[in-house]
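In what follows, chains are A, B, ... by sequence order, proteins preceding strands, each numbered from 1. Model, not experiment: these values are computed from the prediction.
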Protein chains: 2
Amino acid sequence: MSMDFAPPKYAQVMRAIQERIESGEYAPGDMLPSETQLVRELGVGRTTVVRALQTLAMQGWIEREHGRGSFVKGRPESEAENVRPGLTAAEQGESADSLIEVTRVPASRHVARLLGVAERTPVIVRKRVARQADLVSAVETVWIPLEIAVGTDLEKAEPLRGGIRRHLQAVKHLRFDHITERLSARKPTKDEADLLGSSNPVLGVTATVHDPAGNVLLAMSLVLPGSLHELEDVYKVR
Amino acid sequence: MSMDFAPPKYAQVMRAIQERIESGEYAPGDMLPSETQLVRELGVGRTTVVRALQTLAMQGWIEREHGRGSFVKGRPESEAENVRPGLTAAEQGESADSLIEVTRVPASRHVARLLGVAERTPVIVRKRVARQADLVSAVETVWIPLEIAVGTDLEKAEPLRGGIRRHLQAVKHLRFDHITERLSARKPTKDEADLLGSSNPVLGVTATVHDPAGNVLLAMSLVLPGSLHELEDVYKVR
DNA sequence: CTCAACCACTTGTGCGGACGAGTGGCGACT
DNA sequence: AGTCGCCACTCGTCCGCACAAGTGGTTGAG
């Protein structure tokens, strides 16, 4: 029995309009067909059309003006283009040659604060390097509280091919809700300089991953060579 | 004739629920009254209640689970807490002791690329320092194309007390739509080190401000001492 | 005791209709 | 020529209803 789900109609309407915008049929600045016209053309109720149009407006595809009509703005520059180093690190799969060490150590003052546990509580540490074209592009250290890691492969010294996020989701149903990152520029430590092959300034990113209730699931430190254009961010102004 | 507008009902419903969450009447984890109950209690249609609840869910106040109910998550950590150096710089008012220089120079290759103009096109440069508790906390350089600056006070060597954004909005109706930032860690140049009073690594932020059509209104370079916790970012995971 | 059917409750989606309010064009009146 | 009012059209909001679908407790057959 193949149970295939049809997406809801308002989503279908959104898709249809998005495709017409991307194909150029509706060019930026053009007025869209009125709600009534779309109702007739697509054979759905106005409720559905309105919901689709309002959602598109929220996402930045179109602009709606009371009394005038809806107008094409263009494909929104998706915020997904932003670089999210913490998320990237948590999703990236590990490989044998990138994983440096997996140990259990007492939490330092700093790590304990990040994780919200008592100092010297044992935590799992996974350390690895990320490479791009044979060059080390980041040194990543992840700290995981024992109660999170128990029952998972996080303490095993084998590479997690699917990445940490996927593993925690699959094995323990832990959901990532949001990530906090703090950023600084500094000189690399000796270890970091060795791994990166340079002692030029680095970007240091400290990230904590939270579940929907705000509890810290794990903490990370990312060390990126500071060269140029490492991180890009696009945001809308109010 | 005092024409006062009542906010739409769905907004009133949202407000009511937000207030109950903030007052603690609805605690995090609690189940909200069902849609039907809210309909009866607030005397509005279900359409209205549903719209309010779905909007609250999008904004992160609550979570809705099909077949179970709606549950309080808490006041959403507004993304407004994120540090947006480019936006801050464009909105901050200038003062006499922070403004260093206002000149007109031919655009360097780098600046020309940012602004999307030909190399050596004359542009306005405004340079200033930001201070926190008498310490220089940033060195900011702004480049403005002549056609943007014409008719404004941007080329005058007097501090813009209201900030650049407000000035451009008031004088030329230019709307800021989004800002692109690129980030790097590097050693400060000699000039920058002198101003900052240190030659420790710095965070370099290159930002461009765009109008709704995507045109570049101005470009900025921000140099921040790299110490620690300079920039913080919180983002939701899918 | 076990388990499946059932039921009451929840949210998700969809419809048609209604009225309000903003916009712009056209024509009639001044 | 200018201006005013009307009207057709747009989107904004709201309602009541209907049915689908997910969840969890109760009930009754085995």
Side-chain angles (χ1 to χ4, degrees), chain A residues 1-18 20-21 26-73 173 175 212, chain B residues 1-18 20-21 26-73 212:
Chain A
M1 227 108 28
S2 88
M3 299 287 304
D4 55 345
F5 290 86
K9 283 199 187 175
Y10 69 87
Q12 296 177 31
V13 173
M14 286 176 61
R15 281 282 304 268
I17 295 175
Q18 285 166 352
R20 293 183 192 181
I21 289 177
Y26 299 158
D30 280 6
M31 182 175 159
L32 286 176
S34 77
E35 296 171 358
T36 319
Q37 279 177 300
L38 287 172
V39 164
R40 278 198 289 267
E41 181 185 343
L42 302 174
V44 298
R46 192 167 89 105
T47 314
T48 310
V49 168
V50 167
R51 184 166 177 189
L53 291 177
Q54 282 179 334
T55 308
L56 286 175
M58 279 205 249
Q59 298 181 356
W61 287 82
I62 65 177
E63 268 190 356
R64 286 163 67 75
E65 287 182 52
H66 190 166
R68 303 226 310 129
S70 299
F71 301 86
V72 177
K73 272 184 79 174
H173 291 286
R175 258 179 60 206
Chain B
M1 228 109 29
S2 88
M3 299 288 302
D4 55 345
F5 290 85
K9 284 199 186 173
Y10 70 88
Q12 296 177 31
V13 173
M14 286 177 59
R15 282 280 305 269
I17 295 175
Q18 285 166 352
R20 293 183 192 182
I21 290 177
Y26 298 157
D30 281 5
M31 182 174 157
L32 286 176
S34 77
E35 295 171 0
T36 318
Q37 280 176 298
L38 287 171
V39 164
R40 278 199 288 267
E41 181 185 341
L42 303 174
V44 298
R46 192 166 87 104
T47 314
T48 309
V49 169
V50 167
R51 184 168 176 186
L53 291 176
Q54 282 179 335
T55 308
L56 286 174
M58 280 206 242
Q59 298 180 356
W61 288 81
I62 65 177
E63 267 192 357
R64 287 162 67 73
E65 287 181 53
H66 191 169
R68 303 226 310 130
S70 299
F71 300 86
V72 178
K73 274 184 76 175

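Taking CD from Glu63(A) and CZ from Phe71(A), the interatomic distance works out to 9.5 Å, rounded to the nearest 0.5 Å.
Spacing between atom CD of Gln54(A) and atom P of dC14(D) amounts to 11 Å, rounded to whole angstrom units. Following rounding to the nearest Å, Arg64(A) (CZ) and dT23(C) (P) show an atom-to-atom distance of 15 Å. Look at CD on Gln37(B): it is 13 Å from C1' on dA8(C), rounded to the nearest Å.
Close to dG12(D), at under 4.0 Å from its OP1 or OP2, lies no side-chain N or O of Lys9(B). Residue Arg68(A) places at least one side-chain N or O closer than 4.0 Å to OP1 or OP2 of dG24(C). Neither OP1 nor OP2 of dC9(D) sits under 4.0 Å from any side-chain N or O of Thr36(A). Listed pair Tyr10(B) / dT13(D) meets the phosphate criterion, a side-chain N or O lying under 4.0 Å from OP1 or OP2. Applying the 4.0 Å criterion to OP1 and OP2 of dC15(C), one finds that Thr48(A) has a side-chain N or O inside that range. Checking the phosphate oxygens (OP1, OP2) of dT13(D), a side-chain nitrogen or oxygen of Arg51(B) falls inside 4.0 Å.
The shortest non-hydrogen separation linking Ala52(B) to Tyr10(B) is CB-O, 3.6 Å. Closest approach of Lys73(B) to Gly60(B), counting heavy atoms only: CB-O, 3.7 Å. The shortest non-hydrogen separation linking Val44(A) to Val39(A) is O-CG1, 3.0 Å.
In this structure, of dT13(D), dT11(C), dG16(D), it is dT13(D) that holds the atom nearest to the side chain of Pro8(B). Which of dT13(C), dT10(C), dC15(D) sits closest to the side chain of Met31(B) comes down to dT10(C). Distance from the side chain of His66(A) is smallest for dG12(D) among the nucleotides dG12(D), dT11(C), dC15(C).
With hydrogens and angles left out, the side chain of Arg46(B) and the base of dT13(C) share a donor-acceptor pair within 3.5 Å.
Ranked by how close their nearest DNA chain C nucleotide is to the 5' end, Gly67(A) and Glu35(B) are led by Glu35(B).
Using a 4.0 Å heavy-atom criterion, one finds that Ser34(B) contacts the sugar-phosphate atoms exclusively. At a threshold of 4.0 angstrom between heavy atoms, the contacts of Gly45(A) are confined to the sugar-phosphate backbone, with no base atom among them.
Under the 3.5 Å distance criterion, the side-chain polar atoms of Gln37(A) are matched with a main-chain donor or acceptor of Ser34(A).
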